[in-house]
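Input: a single structure, listed below in structure tokens.
Heavy-atom basis, side chains included; hydrogens, waters and symmetry copies ignored. Position 1 is the first residue of the sequence; numbering continues from there.
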Amino acid sequence: VQPLADAAERPVGTTTTVPVEHLAAATGQARDCEVTIDAAGARLSGHLTLPEATPGVVLFAHGSGSSRHSPRNIAVARLLNRARLGTLLFDLLTHAEATDRANVFDVGLLAQRLRAATTWLRAQPGCRALRVGYFGASTGAGAALWAAAEPNADVAAVVSRGGRPDLAGPRLAAVRAPTLLIVGSLDHVVIACNRAAALQLECEHRLEVVPGATHLFEEPGTLERAAELATEWFTRHLGHPAPSASHAHHTGSRLGTIPP
């Protein structure tokens with residue numbers, strides 16, 4: 001089965017450059033903040049969000065043909081932020097690297113970049129003790145599971161949305177982090193890939209099929225459901241943040257309309 005590419009997605013909104021050391025003290029509103037990640041010489045652009053008293057950070061591994069500007073991943077990140085979980089959305093490849101299709105589907109390389117971003121995050125002020133989760137879409141899911149299978153991987157949870165976990169191959173059996181596989185009921189090829197991958201996982205795992213969803217979860221309500229499932233999984237495994245007065249009125253789990 002050939003890797004399925006996510007549709008190219010347009011940039012959303014604007015960004016503000018905020019020093020990383022100021023993010024944790026920004027009372028949950030410091031969002032879409034630009035950072036630069038040094039990954040073995042490759043400089044990768046990203047957005048780091050750290051809500052107040054967050055227990056962990058979810059790193060996003062986008063699919064082929066996408067980037068940190070993916071509106072679908074941004075929508076999921078917003079719901080995670082609403083649950084007071086941190087997020088890091090970043091480009092797995094530089095612009096020059098992304099022009100080579102061999103790099104786009106090099107799951108081993110993408111996994112290395114994800115691990116490099118994790119190392120970078122751990123080195124940031126106030127982040128060393130935070131629990132880390134991986135959210136992967138399409139080919140990014142294969143990279144997330146590949147990275148999570150490393151012997152020294154310090155990953156608390158993995159979520160795959162419309163992903164290709166089979167691209168992690170024999171490494172699946174080495175994944176220790178609790179893993180949630182989310183697929184659309186109309187994405188028949190990917191459902192088969194996920195069911196086969198689930199048989200190889202020896203960690204805690206669950207396969208969730210979202211009714212009426214195709215590969216990109218473009219149908220009304222389907223992406224929102226996937227985001228809710230991901231938020232529940234990460235909240236359970238990354239931990240619950242301590243309550244604060246400034247966030248007491250934000251107890252709902254929904255973000256309203258998630259962009260198609």
Side-chain angles (χ1 to χ4, degrees), residues 1-12 58 60-80 82-83 87 89 92 101 104-105 107 110 133-146 148 157-169 172 175 178-201 203-236 253-260:
V1 180
Q2 293 298 316
L4 297 178
D6 270 349
E9 302 180 64
R10 65 185 182 280
V12 173
V58 178
F60 282 70
H62 58 75
S64 58
S66 189
S67 71
R68 71 186 188 280
H69 296 301
S70 160
R72 295 175 180 84
N73 283 349
I74 289 173
V76 175
R78 285 174 180 164
L79 193 56
L80 292 173
R82 181 76 172 269
T87 52
L89 297 97
L92 291 168
R101 297 297 288 174
V104 171
F105 294 107
V107 179
L110 303 181
Y134 289 161
F135 180 96
S138 192
T139 51
L145 287 163
W146 185 301
V158 177
V159 172
S160 162
R161 189 267 296 168
R164 293 292 309 277
D166 56 298
L167 295 178
L172 287 170
V175 175
T179 299
L180 175 64
L181 307 174
I182 305 172
V183 293
S185 67
L186 303 181
D187 195 7
H188 304 297
V189 173
V190 172
I191 286 179
C193 293
N194 277 258
R195 286 176 174 159
L199 294 175
Q200 299 180 60
L201 288 170
C203 58
E204 175 189 350
H205 64 277
R206 192 167 84 225
L207 175 63
E208 286 279 355
V209 179
V210 177
T214 53
H215 183 58
L216 294 180
F217 290 77
E218 297 176 300
E219 298 71 26
T222 58
L223 182 60
E224 182 173 18
R225 179 56 183 155
E228 290 171 345
L229 289 167
T231 300
E232 291 166 4
W233 192 261
F234 283 127
T235 299
R236 173 185 170 192
S253 64
R254 302 173 74 87
L255 280 181
T257 302
I258 288 180

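For the pair Thr179 and Cys203, the tightest heavy-atom approach, listed with the atom from each and the gap, is OG1-SG, 3.8 Å. For the residue pair Asp166 and Cys193, the shortest heavy atom distance occurs at OD1-CB, 3.4 Å. Between Asn73 and Ala137, the shortest heavy-atom distance links the atoms OD1-CB, 4.3 Å. Closest approach of Thr235 to Ala83, counting heavy atoms only: OG1-CB, 4.2 Å. For Ala141 against Gly163, the heavy-atom pair with the smallest separation is CB-CA, 3.6 Å. The shortest heavy-atom contact between Tyr134 and Ala144 is CD1-O, 3.6 Å.
A donor-acceptor pair under 3.5 Å is formed between the side chain of Thr139 and the backbone N or O of Ser64. Put simply, the side chain of His62 never gets that close to the backbone of Gly140: no donor and acceptor are under 3.5 Å apart. No side-chain donor-acceptor contact under 3.5 Å links Trp146 to the backbone of Leu167.
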For this session: Begin from the C-alpha positions of Phe217 and Ile182 and carry the test side-chain contact (heavy atoms from CB on, under 4.5 Å) through to its verdict.
Result: CA-CA 10 Å; Phe217 290 77; Ile182 305 172; 4.1 Å; yes

Exercise. Run the side-chain contact (heavy atoms from CB on, under 4.5 Å) check on Val158 and Leu145 step by step: do they pass?
Worked result: CA-CA 7 Å; Val158 177; Leu145 287 163; 3.9 Å; yes

Exercise. Between Leu110 and Leu92, is a side-chain contact (heavy atoms from CB on, under 4.5 Å) present by the stated rule, with each step listed?
Worked result: CA-CA 6 Å; Leu110 303 181; Leu92 291 168; 3.9 Å; yes

Problem set entry | Pair Arg206-Trp233, side-chain contact (heavy atoms from CB on, under 4.5 Å): steps then yes or no | CA-CA 10 Å; Arg206 192 167 84 225; Trp233 192 261; 3.3 Å; yes

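Under the 4.5 Å side-chain criterion, counting only non-hydrogen atoms from C-beta, Asn194 is in contact with Pro165. Taking 4.5 Å as the limit, every side-chain heavy atom of Glu219 sits out of range of all side-chain heavy atoms of Leu186. Contact of the Leu79 side chain with the Phe234 side chain is not registered, since no non-hydrogen atoms from C-beta on lie closer than 4.5 Å. Proximity of Phe60 to Thr87: side-chain heavy atoms (C-beta onward) are separated by under 4.5 Å at one or more points. Counting heavy atoms from C-beta on, the side chains of Leu201 and Leu181 come closer than 4.5 Å. In this structure, the side chains of Thr214 and Asp187 stay at 4.5 Å or more apart for every pair of heavy atoms.
A salt bridge links Arg72 with Glu218; the closest basic N to acidic carboxylate O contact falls under 4.0 Å. At a threshold of 4.0 Å, the pair Glu204-Arg236 counts as salt-bridged, since one of the basic side-chain nitrogens sits closer than that to a carboxylate oxygen.
To the nearest 0.5 Å, atom CG of residue Leu89 and atom OG of residue Ser70 are 8.0 Å apart. Rounding to the nearest 0.5 Å places NE2 of His215 at 8.5 Å from CZ of Arg164. Between the OG1 atom in Thr231 and the CZ atom in Arg78 there is a gap of 13.5 Å [rounded to 0.5 Å]. In this structure, the separation between NE2 on His205 and CG on Leu180 is 11.0 Å, given to the nearest 0.5 Å.
For Glu232, there are no side chain to side chain donor-acceptor pair (under 3.5 Å) partners two or more places apart in sequence or in a different chain.
Applying side chain to side chain contact (heavy atoms under 4.5 Å, CB included) to Arg225 and the options Leu229, Leu223, Thr222 leaves one that passes, Leu229.
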